[in-house]
Chemist: 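The structure under discussion is supplied below as structure tokens; questions concerning it will follow.
Reckoned from all heavy atoms, side chains included, excluding hydrogens, waters and symmetry mates.
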Amino acid sequence: MNTSVLFITILALFLLADCSELPFQERMLLKALGLNGRPRPVAPGPVPKALWKIFEQGINSENPCRMEGFQVPGNIVRSYKDQGPLMSSEIPHGSLCFRKYLFFDLSVVEKKEEVTLGQLEIKFKHNTYQGHVFQLQLYHPLHMSLKGMRDHSMNRKLLFAQSFRLLHKSLYFNLTKVAQDWAKAENNMGLVLEILADVDTSRTNHFSSSCEQIDFFIHTSFLTVSLDPTSCKASRTKRSAESSLPTPSNICSKRRLYIDFKDVGWQNWVIAPRGYMANYCHGECPYPLTEMLKGTNHAVLQTLVHSIEPEITPLPCCAPTKLSPISMLYYDNNDNVVLRHYEDMVVDECGCK
Ligand SMILES: *[C@@H]1O[C@H](CO)[C@@H](O)[C@H](O)[C@H]1NC(C)=O
């Protein structure tokens with residue numbers, strides 16, 4: 001039995017179980033979802049548009065281990081909140097308007113995951129466009145002590161420098177390499193963002209007035225795409241059209257099972273979907289196996305042997321023969337938003353195995 005079939009089975013048990021058994025069942029369930037415990041978000045923020053978009057697009061069943069929107073391999077997208085302080089004591093001097101220390105906690109990325117994309121988004125809240133041009137500089141600190149936060153001009157590497165005008169628009173930076181280092185959880189010293197009034201377009205004594213415009217206008221967030229190879233299978237079978245043949249009630253078939261996350265007490269951390277049609281398989285696999293029961297060759301043989309020696313050989317089991325993936329959007333313990341593709345979450349067809 002693979003993890004997701006296990007997931008559905010446990011979920012069904014979980015819904016039927018006594019209250020006393022919930023902790024264990026839930027632990028198993030969370031484990032099937034790649035989680036060590038039930039996440040407890042404290043101050044969750046809004047869901048980034050990019051993640052809603054991927055969620056709404058759904059999964060390409062042919063290739064659930066690729067994030068089409070970003071054109072990279074992956075089955076997990078995380079959006080991290082910035083936890084770095086604003087270094088406001090230093091502003092403004094010279095042409096420097098603003099300096100902010102950015103910190104994103106990527107320690108939630110597991111060792112087995114391969115980070116395939118790291119992207120920083122800098123979003124401007126106001127759009128008082130008056131034609132002022134600013135310089136944006138993004139640095140990677142090389143050494144940093146608590147004291148050194150104030151003066152790190154010697155120990156930093158410039159990653160990006162670009163001019164921009166104040167527009168109601170986001171700037172994106174490809175920080176894949178940096179994210180891969182951070183995910184190793186060794187050397188995450190964050191980033192330093194500086195915004196300067198552009199010397200070419202501002203007259204010397206107008207620095208501060210153009211700086212005022214960008215005051216505390218900024219929202220930064222970081223996004224990673226990663227691939228957990230342990231939940232990716234090499235090839236997929238197509239979801240086939242559902243059979244509309246009526247099945248006698250005691251014969252192996254797909255049964256409808258809607259799982260509402262509220263019933264499991266997960267509504268606080270699962271953002272979407274609210275629930276889903278997981279289904280399950282139930283019924284007998286009698287001799288002789290008919291075409292309708294989609295028995296494997298082995299199952300056909302097994303029923304044959306069972307008809308001869310019923311004490312020694314059991315009948316085959318009614319089990320999923322086709323499954324499809326779903327996406328889940330949820331908050332983790334750090335209030336990050338996570339979108340994850342899970343394979344084999346929905347039972348599409350059952351048969352005798
Ligand atoms: C981002 O950077 C990585 C290397 O650091 C590169 O392989 C990748 O193609 C870049 N992605 C985009 C969209 O430019």
Chemist: Quick one: pull up CD in Glu349 and CG in Asn279 and give me the separation to the nearest 0.5 Å.
Modeler: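 Nearest 0.5 Å value for the CD-CG distance: 11.5 Å.
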Chemist: Is the shortest distance from a Lys or Arg side-chain nitrogen in Glu121 or Lys49 to a carboxylate oxygen in the other one below 4.0 Å?
Modeler: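 So Glu121 does not pair with Lys49 through a salt bridge.
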Chemist: Which atoms form the tightest heavy-atom contact between Cys65 and Leu227, and what is the distance?
Modeler: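 Taking Cys65 first and Leu227 second, the nearest heavy atoms are O-CD1, 3.8 Å.
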Chemist: Look up atom NZ in Lys100 and atom CD1 in Ile122, then write down how far apart they are to the nearest 0.5 Å.
Modeler: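 These two atoms lie 10.5 Å from each other.
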Chemist: Report yes if the distance between the aromatic ring centroids of Phe222 and Trp182 is under 6.0 Å, otherwise no.
Modeler: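 When the ring centroids of Phe222 and Trp182 are compared, they turn out to be within the sub-6.0 Å range.
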Chemist: Please confirm whether Arg156 makes a cation-pi placement over Tyr139, using NZ or CZ under 6.0 Å from the six-membered ring centre and within 45° of the ring normal.
Modeler: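 Cation-pi check for Arg156 and Tyr139: passes.
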Chemist: Using the benzene-type ring in the case of Trp, are the ring centres of Tyr330 and Trp269 under 6.0 Å apart?
Modeler: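 Ring centres of Trp269 and Tyr330 closer than 6.0 Å.
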Chemist: Rounded to the nearest 0.5 Å, how far does NZ of Lys262 lie from CZ of Arg274?
Modeler: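 Separation between the atoms: 7.5 Å.
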Chemist: Is there a side-chain contact between Val338 and Ile76, using heavy atoms and a 4.5 Å cut-off?
Modeler: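 A side-chain contact exists here, since the closest heavy-atom pair is under 4.5 Å.
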Chemist: Less than 4.5 Å apart, side chain to side chain, heavy atoms only: is that true for Ser327 and Ile54?
Modeler: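 Heavy-atom side-chain distance check fails, nothing below 4.5 Å.
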Chemist: Measure across Arg255 and His282 and return the closest heavy-atom pair with its distance rounded to 0.1 Å.
Modeler: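 Minimum heavy-atom contact is NH2-O, 2.8 Å.
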Chemist: Side-chain heavy atoms nearer than 4.5 Å, only ILVMFWY residues, links allowed to pass through others: does that put Tyr276 and Leu339 together?
Modeler: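 Not linked; separate clusters.
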Chemist: Grouping I, L, V, M, F, W and Y whenever their side-chain heavy atoms are under 4.5 Å apart, do Val178 and Leu171 come out in a common cluster?
Modeler: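 Yes.
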Chemist: Test side-chain contact (heavy atoms from CB on, under 4.5 Å) on His219 and Lys81 and set out the steps.
Modeler: CA-CA 9 Å; His219 176 79; Lys81 284 218 286 201; over 6 Å; no
Chemist: State, to 0.1 Å, how close Val225 and Pro73 come at their nearest heavy-atom pair, and which atoms those are.
Modeler: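 Residues Val225 and Pro73, closest heavy atoms: CG1-O, 3.8 Å.
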Chemist: Please check this pair: side chain of Thr116 against backbone of Gly74, looking for a donor-acceptor N/O pair closer than 3.5 Å.
Modeler: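 Flag not set: sc Thr116 to bb Gly74 has no pair under 3.5 Å.
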Chemist: Within this structure, what is the CD-CD1 distance for the pair Gln137 and Ile195, rounded to the nearest 0.5 Å?
Modeler: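 It comes to 9.5 Å.
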Chemist: Is there a path of hydrophobic side-chain contacts, each under 4.5 Å between heavy atoms, that joins Met328 and Ile59?
Modeler: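 Shared cluster, no.
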Chemist: It should be assessed whether the SG atoms of Cys350 and Cys281 lie less than 2.5 angstrom apart.
Modeler: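 Answer is yes, sulfur atoms closer than 2.5 Å.
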Chemist: Please walk me through it: do Arg78 and Val108 pass side-chain contact (heavy atoms from CB on, under 4.5 Å)?
Modeler: CA-CA 9 Å; Arg78 292 187 180 87; Val108 286; 3.9 Å; yes
Chemist: Inspect cysteines Cys252 and Cys318 and report if their side-chain SG atoms are under 2.5 angstrom from one another.
Modeler: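 Yes, the SG atoms sit under 2.5 Å apart.
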Chemist: Say you draw a straight line from CG of Leu191 to CZ of Phe173; how long is it, rounded to the nearest 0.5 Å?
Modeler: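 Going from CG on Leu191 over to CZ on Phe173, the span is 10.5 Å.
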Chemist: Given Tyr80, which of Asp332, Asn334, Thr224 fulfils the side chain to side chain donor-acceptor pair (under 3.5 Å) condition?
Modeler: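 The side chain to side chain donor-acceptor pair (under 3.5 Å) with Tyr80 is passed solely by Thr224 among Asp332, Asn334, Thr224.
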Chemist: Got a salt bridge between Asp228 and Arg340, using NZ or NE/NH1/NH2 to carboxylate O under 4.0 Å?
Modeler: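 Salt bridge present between Asp228 and Arg340.
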